[in-house]
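After the structure tokens below, expect a handful of questions from me.
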Amino acid sequence: MRAARAVRAAGRTDPGLPVSFYDRPVLQVARDLIGCVVSYGGASGVIVETEAYHDSEPACHAFAGLTPRTATLFGPPGLAYVYRSYGVHALLNAVCEPPGVGAAVLIRALEPIEGLELMAERRGIPEARRPRDLCSGPGKLTQGLGIELSENGCDLSRGPLIISERLERSEYPEVVVGRRIGITKAVELPWRFCAAGSRYLSAPVRLAGSAPER
DNA sequence: CATGGGATTGACT
DNA sequence: GTCAATCCCATGC
């Protein structure tokens, strides 16, 4: 199931997920990225929240077609799509599906595991005593890791910005599904994936007709 | 070339 | 709860 299973045999040296992992339906990748690890700039964290975007629905930047902005989205799978949000924040996505399809997974929150002091410093938080504030949002995590727009188009399987699988299957959390956050179009699609019960989400899981989780 | 709108966050009432 | 910051770029004239 997990495309990177073979990579695990290579040992502990944090190999990035292979391109084949991303060359699949974006909803599948979004779900499977929960529990994987993002590493950059001397810090890392476990992915606890993602959202899927696809050129077939209007909330996706690629819905507008191939433009300078969306070129990365339509490129080969496994690239980082980094763009500026609200003129302020850099948001990180993993490009999915074959070239010519505009699809990506937005990385929305991490549970910090390494470099907490560094993240706190980059975030302008006095101390790393509150790990919940370091990566609990798509703009927060890029700031914490030091990811800039210049990383747009880089290869996520080669680094320096890298997403890797965890070694133990048992470390992967249960995944719950909800509606995407902060969008005004296609709001009804249940394309947000979260680690069940995680305290590091950007917001509680919400789906029409169901009570908020935690 | 001018305009408007965000896949957000933090500060403030 | 409200709201501004700030910039890339799609769109339209």
Side-chain angles (χ1 to χ4, degrees), chain A residues 22 25-27 29-31 33-34 38 45 47-75 77 79-97 101-110 112 119-154 156 161 163 177-195 199-208 212:
Chain A
Y22 301 100
V26 67
L27 289 173
V29 179
R31 174 181 287 270
L33 277 174
I34 300 297
V38 180
I47 299 173
V48 296
E49 179 180 341
T50 63
E51 283 176 1
Y53 289 87
H54 190 273
D55 60 28
S56 60
E57 47 89 13
C60 183
H61 293 167
F63 187 71
L66 180 57
T67 67
R69 184 196 199 191
T70 62
T72 307
L73 275 173
F74 284 99
L79 301 185
Y81 169 53
V82 184
Y83 73 95
R84 189 162 304 288
S85 171
Y86 291 95
V88 181
H89 308 283
L91 268 51
L92 169 65
N93 299 252
V95 176
C96 296
E97 309 208 11
V101 180
V105 175
L106 172 67
I107 312 298
R108 285 194 55 92
L110 307 176
M119 292 189 201
E121 186 179 323
R122 293 196 188 105
R123 295 257 304 117
I125 296 173
E127 40 191 315
R129 214 185 273 172
R130 304 170 62 94
R132 288 186 63 174
D133 296 335
L134 296 178
C135 300
S136 55
K140 294 178 183 179
L141 72 92
T142 54
Q143 185 181 30
L145 295 176
I147 295 169
E148 316 265 359
L149 292 199
S150 56
E151 293 301 325
N152 184 46
C154 86
L156 288 171
L161 171 54
I163 303 181
V177 183
R179 286 148 78 120
R180 296 178 294 182
I181 292 181
I183 54 171
T184 57
K185 302 164 201 160
V187 296
E188 72 285 352
L189 294 179
W191 284 12
R192 179 183 181 222
F193 300 88
C194 296
R199 298 153 45 222
Y200 297 91
L201 304 180
S202 67
V205 180
R206 198 177 59 79
L207 189 53

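Sequence lines set the chain letters: A, B, ... in the order given, protein chains first and strands last, and positions in each chain run from 1.
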Worksheet item: Which two nucleotides bound the region of DNA chain B that has atoms under 4.0 Å from heavy atoms of chain A, read 5' to 3'?
Response: B:dG6 to B:dG10

Discussion item. Just to be sure I understand the geometry, which residues of residues 133-140 of chain A put a non-hydrogen atom under 4.0 Å away from DNA chain B?
Written reply: A:Gly137, A:Pro138, A:Gly139, A:Lys140

Fill in: Residue pairs, two or more places apart or on separate chains, that pass salt bridge (Lys or Arg N to Asp or Glu O under 4.0 Å) and touch residues 49-58 of chain A
A:Glu49-A:Arg108, A:Glu49-A:Arg192, A:Glu51-A:Arg108, A:Glu57-A:Arg180

Worksheet item: Got a sec? Which of residues 81-89 of chain A come in under 4.0 Å of DNA chain C, heavy atoms?
Response: A:Arg84, A:Tyr86, A:Gly87, A:Val88

Discussion item. Under the rule for side-chain contact (heavy atoms from CB on, under 4.5 Å), what residues qualify as partners of A:Ser56, not counting sequence neighbours?
Written reply: A:His54

Compile the donor-acceptor pairs under 3.5 Å between side chains in residues 81-95 of chain A and protein atoms, sequence neighbours left out, one pair per line.
from    : atom 1 : to      : atom 2 : distance (Å)
A:Tyr81 : OH     : A:His61 : ND1    : 2.7
A:Arg84 : NH1    : A:Val88 : O      : 3.1
A:Asn93 : ND2    : A:Tyr81 : O      : 3.2

Worksheet item: Sequence neighbours excluded, which residues qualify as side-chain contact (heavy atoms from CB on, under 4.5 Å) partners of A:Pro77?
Response: A:Val19, A:Tyr22, A:Asp23, A:Pro99

Worksheet item: Pairs counted as Watson-Crick or G-U wobble with both distances under 3.5 Å: what dot-bracket string results for DNA chain C, using | for bases tied to another strand?
Response: |||||.||||||.

Atom pairs and distances, donor-acceptor, side-chain atoms in residues 181-191 of chain A, under 3.5 Å, two or more places apart:
none

Discussion item. Tell me every residue that passes side-chain hydrogen bond (donor to acceptor under 3.5 Å, both in side chains) with A:Glu97, counting only those two or more places apart in sequence or in another chain.
Written reply: none

Discussion item. Going by salt bridge (Lys or Arg N to Asp or Glu O under 4.0 Å), name the pairs with one or both residues in residues 133-145 of chain A, residues two or more places apart or in two chains.
Written reply: A:Arg130-A:Asp133

Practice prompt. Could you check which residues of residues 61-69 of chain A get a heavy atom under 4.0 Å from DNA chain B? Sort them by number, please.
Written response: A:His61

